[in-house]
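Residue numbering restarts at 1 for every chain, and letters A, B, ... go by the order of the sequence lines.
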There are 2 protein chains.
Amino acid sequence: MDKYDPLKLENQLCFPLYACAKEIVRKYKPFLEELDLTYTQYITMMVLWERKEMNVKTLGEWLYLDSGTLTPVLKKLESKGYVTRKRQKKDERNLCVSITEKGEELKNSAIEIPGKMGACISLSPDETKNLYELLYKMLRIL
Amino acid sequence: MDKYDPLKLENQLCFPLYACAKEIVRKYKPFLEELDLTYTQYITMMVLWERKEMNVKTLGEWLYLDSGTLTPVLKKLESKGYVTRKRQKKDERNLCVSITEKGEELKNSAIEIPGKMGACISLSPDETKNLYELLYKMLRIL
DNA sequence: TGCACTTTTATTGTATACAATTTAATTTAC
DNA sequence: GTAAATTAAATTGTATACAATAAAAGTGCA
């Protein structure tokens with residue numbers, strides 16, 4: 001009868017995406033625990049390792065997160081001494097998040113994480129590239 | 001200098017996966033709101049539309065969720081009248097979750113969602129198949 | 001039988017996520 | 001030049017997620 005039922009979990013594209021994302025974040029956990037970072041804190045630091053300084057709105061655009069999520073994450077990172085939070089002189093509405101010296105140093109401890117994670121995922125380079133491009137294509141559409 | 005920095009967000013496979021999953025769930029939201037379901041409630045119902053009855057542990061294995069997440073979701077679905085929760089006679093440790101008549105009827109309202117979502121995602125059939133298979137390959141590894 | 005061990009679910013505590021609202025600062029319209 | 005509109009961040013409320021623990025039920029073996 002219903003040989004193909006669109007409402008079966010296994011016929012959904014969304015579900016493996018959702019499950020995969022969760023499982024990968026879970027895989028990161030032991031590596032990130034060594035740095036006392038959560039995944040959200042980690043990707044926030046990744047942006048700051050690259051850009052040094054950014055307001056909350058732009059950070060949110062990079063990370064696909066809003067201020068409701070970022071505000072507590074940034075306060076946490078500030079309390080750990082990895083970032084500073086200051087209102088911009090030119091426009092006090094903007095909160096400028098800057099990486100500290102201690103935040104920069106954290107990068108040295110994080111540098112091995114991508115390699116370790118790559119070993120966990122173990123897709124071929126072609127498959128990885130393929131997946132990467134499909135995901136970014138989808139992100140552009142969404 | 002650092003032409004290729006593994007700690008750049010854009011060089012990570014994990015990040016587009018994480019972002020894509022979130023954005024897709026967000027895309028579902030307006031469709032699911034019409035049914036007064038959250039995404040987690042929706043995928044739970046999808047399993048029950050297919051299997052009618054399942055204990056929490058097996059449900060968790062299908063959905064990659066644990067009892068800490070499922071218990072409140074199932075209580076909510078029970079309060080809406082879509083499922084019942086009963087201890088199994090044979091082994092009282094197991095909680096048997098069963099779909100109700102009202103739960104079955106909900107499927108008629110949900111039937112159009114996958115098509116609407118497919119229109120939002122708009123990858124080609126080949127790309128969709130490709131992505132689907134890469135994600136399931138990865139899930140098997142993880 | 002009885003007691004250690006395992007299994008299943010529920011609870012607790014922490015950290016996201018995000019919609020909706022609020023607050024404060026800035027810009028636009030007129 | 002000021003009121004209205006817009007913008008950025010923070011706050012509030014709801015719903016996940018998940019680790020760790022607790023509680024209850026079942027199993028196995030001396």
Next item on the list: Establish, yes or no, whether a centroid distance under 6.0 Å links the rings of A:Y18 and B:Y64.
Entry: no
Notebook entry, point to check: Should we say atom CG of B:N108 is surrounded by more than 12 heavy atoms from elsewhere, each under 6.0 Å from it?
Noted result: yes
Note to self: By the definition side chain to side chain contact (heavy atoms under 4.5 Å, CB included), identify the one residue from B:E112, B:M45, B:M46 that meets it with A:L7.
What the structure shows: B:M46
Next item on the list: Take the angle between the ring planes of A:W49 and A:Y42 and call it parallel below 30°, perpendicular above 60°, tilted in between.
Entry: perpendicular
Margin query: I need a per-nucleotide contact map over nucleotides 7-17 of chain D, read 5' to 3'. Cutoff is protein heavy atoms under 4.0 Å; write B for the base, S for backbone only, - otherwise.
Written below: BSBBB---SSB
What side-chain donor-acceptor pairs closer than 3.5 Å can you find for residues 134-142 of chain B, not counting sequence neighbours?
from	atom 1	to	atom 2	distance (Å)
B:K137	NZ	A:E127	OE1	3.2
B:K137	NZ	A:E127	OE2	2.6

Margin query: Tell me the interatomic distance from A:Q88, atom CD, to C:dT26, atom C1', rounded to whole angstroms.
Written below: 13 Å
Check: Using 4.0 Å as the upper bound for N to carboxylate O, is an ion pair formed by B:K8 and A:E50?
Finding: yes
Notebook entry, point to check: How many Å lie between CG on B:L63 and C1' on C:dT9, as a whole number?
Noted result: 16 Å
Check: Nearest-Å distance, NZ (B:K86) to C1' (C:dT9)?
Finding: 17 Å
Check: Over how many whole Å does the gap from B:K90 atom NZ to C:dT8 atom C1' extend?
Finding: 16 Å
